[in-house]
Amino acid sequence: MTSPAFSDWLDICNLKARYCRCLDTKDWQGYAEVFADDAVLDTSPSGGLTIAGRDALVAYVRSSVSEDTITTHHIHAPEIAIDGDTATGIWAMQDRNIWPNGRKLLGFGHYHERYVRTADGWRIAESSLTRINMEMTNG
């Protein structure tokens with residue numbers, strides 16, 4: 001039998017995997033569903049913006065990666081701490097993005113996140129992207 005703590009851990013891992021898959025396949029409805037309504041996305045540590053609200057953050061990300069942009073997000077080594085209906089997590093990440101104009105990004109860093117349990121399951125309430133290394137080339 002699976003313990004409740006492990007079940008929550010697994011649900012959060014699946015949530016983050018769905019985040020990557022939906023982002024990379026441009027499934028914007030599925031991408032939106034991984035976030036809480038009042039979610040905050042903070043990409044300022046890696047040179048971006050801080051956006052509040054699920055609809056606003058999805059619109060921001062969608063405008064950053066056109067339908068023709070190839071994105072590949074890999075996450076691993078989750079460090080997840082669960083405390084009742086909230087949790088925190090740190091994920092090692094690597095992303096590779098190729099825009100139609102030939103610009104390319106290869107990045108390494110971490111997602112620092114806070115999760116909340118909702119009636120529909122775990123959702124990302126806050127996500128901050130930090131970078132350790134980033135290689136950008138123009139086409």
Side-chain angles (χ1 to χ4, degrees):
M1 180 168 222
T2 305
S3 73
F6 180 75
S7 178
D8 288 335
W9 183 89
L10 184 59
D11 288 347
I12 292 168
C13 288
N14 284 331
L15 176 73
K16 191 62 181 178
R18 193 165 51 253
Y19 165 96
C20 292
R21 177 182 51 78
C22 289
L23 176 56
D24 292 340
T25 61
K26 315 297 188 292
D27 174 357
W28 300 117
Q29 178 65 37
Y31 183 73
E33 290 171 1
V34 305
F35 293 99
D37 290 341
D38 60 350
V40 174
L41 176 65
D42 183 8
T43 60
S44 63
S46 59
L49 303 172
T50 300
I51 307 294
R54 177 177 58 203
D55 293 342
L57 76 84
V58 171
Y60 168 70
V61 171
R62 191 172 183 174
S63 72
S64 299
V65 290
S66 70
E67 296 301 315
D68 295 333
T69 303
I70 299 166
T71 65
T72 307
H73 290 78
H74 289 185
I75 54 168
H76 53 279
E79 301 173 61
I80 299 171
I82 300 163
D83 184 13
D85 291 335
T86 63
T88 57
I90 301 172
W91 296 84
M93 65 81 65
Q94 175 184 354
D95 62 343
R96 175 72 165 159
N97 304 309
I98 304 171
W99 285 266
N101 66 4
R103 184 175 62 147
K104 297 176 183 177
L105 165 77
L106 176 61
F108 302 88
H110 295 92
Y111 287 106
H112 298 257
E113 296 184 323
R114 184 174 61 83
Y115 309 95
V116 294
R117 187 191 319 263
T118 70
D120 296 318
W122 288 98
R123 296 294 182 260
I124 300 170
E126 293 178 29
S127 182
S128 177
L129 175 60
T130 60
R131 299 277 188 183
I132 294 172
N133 179 280
M134 192 166 63
E135 299 171 14
M136 182 79 75
T137 58
N138 292 313

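At a cut-off of 3.5 Å, with distance as the only test, no side-chain donor of Asp24 or Thr72 sits close to an acceptor on the other residue. Checking Asp42 against Ser44 by side-chain atom types alone, a donor-acceptor pair falls below 3.5 Å.
Under the rule for a side-chain hydrogen bond (donor to acceptor under 3.5 Å, both in side chains), the partners of Asn97 that lie at least two apart in sequence or sit in another chain are Asp95.
When hydrophobic clusters are built by joining Ile, Leu, Val, Met, Phe, Trp and Tyr residues whose side-chain heavy atoms come closer than 4.5 Å, directly or via intermediates, Leu129 is grouped together with Leu15. Under a hydrophobic-cluster definition in which Ile, Leu, Val, Met, Phe, Trp and Tyr are linked whenever side-chain heavy atoms come within less than 4.5 Å, directly or via other members, Leu23 and Leu106 are assigned to different clusters. Both Tyr19 and Trp28 are assigned to one and the same hydrophobic cluster, defined by single-linkage of ILVMFWY side chains at heavy-atom distances under 4.5 Å. Follow the hydrophobic side-chain contacts under 4.5 Å out from Met93 and you never reach Ile98; the two are in separate clusters. Ile70 and Met134 fall into different hydrophobic clusters, where Ile, Leu, Val, Met, Phe, Trp and Tyr residues are linked whenever their side-chain heavy atoms come under 4.5 Å apart, directly or through other members.
If you take CG on Asp68 and CG on Asn101, they are separated by 11.0 Å, rounding to the nearest 0.5 Å. Taken to the nearest 0.5 Å, the OH atom of Tyr115 stands 6.5 Å off from the CD1 atom of Ile12. Rounded to the nearest 0.5 angstrom, Cys13 SG and Trp91 CH2 are separated by 3.5 Å. Here the straight-line distance linking atom CZ of Arg123 with atom CD of Glu113 works out to 13.5 Å at 0.5 Å rounding.
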Name the atoms and distances for all side-chain donor-acceptor pairs under 3.5 Å in residues 29-37, with sequence neighbours left out.
{"from": "Gln29", "atom 1": "NE2", "to": "Glu33", "atom 2": "OE2", "distance (Å)": "2.9"}
{"from": "Asp37", "atom 1": "OD1", "to": "Arg54", "atom 2": "NH1", "distance (Å)": "3.1"}
{"from": "Asp37", "atom 1": "OD1", "to": "Arg54", "atom 2": "NH2", "distance (Å)": "2.6"}

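When all heavy atoms of Gly84 and Arg117 are compared, the closest pair comes out as O-NH2, 2.9 Å. Counting all heavy atoms, side chain and backbone alike, Arg131 lies closest to Ser46 at CG-CB, 3.1 Å.
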Hey, mind stepping through Arg103 and Leu105 against side chain to side chain contact (heavy atoms under 4.5 Å, CB included) and telling me if it holds? CA-CA 7 Å; Arg103 184 175 62 147; Leu105 165 77; over 6 Å; no
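For CG of Asn133, the number of neighbouring non-hydrogen atoms (other residues, nucleotides, ligands) closer than 6.0 Å is greater than 12.
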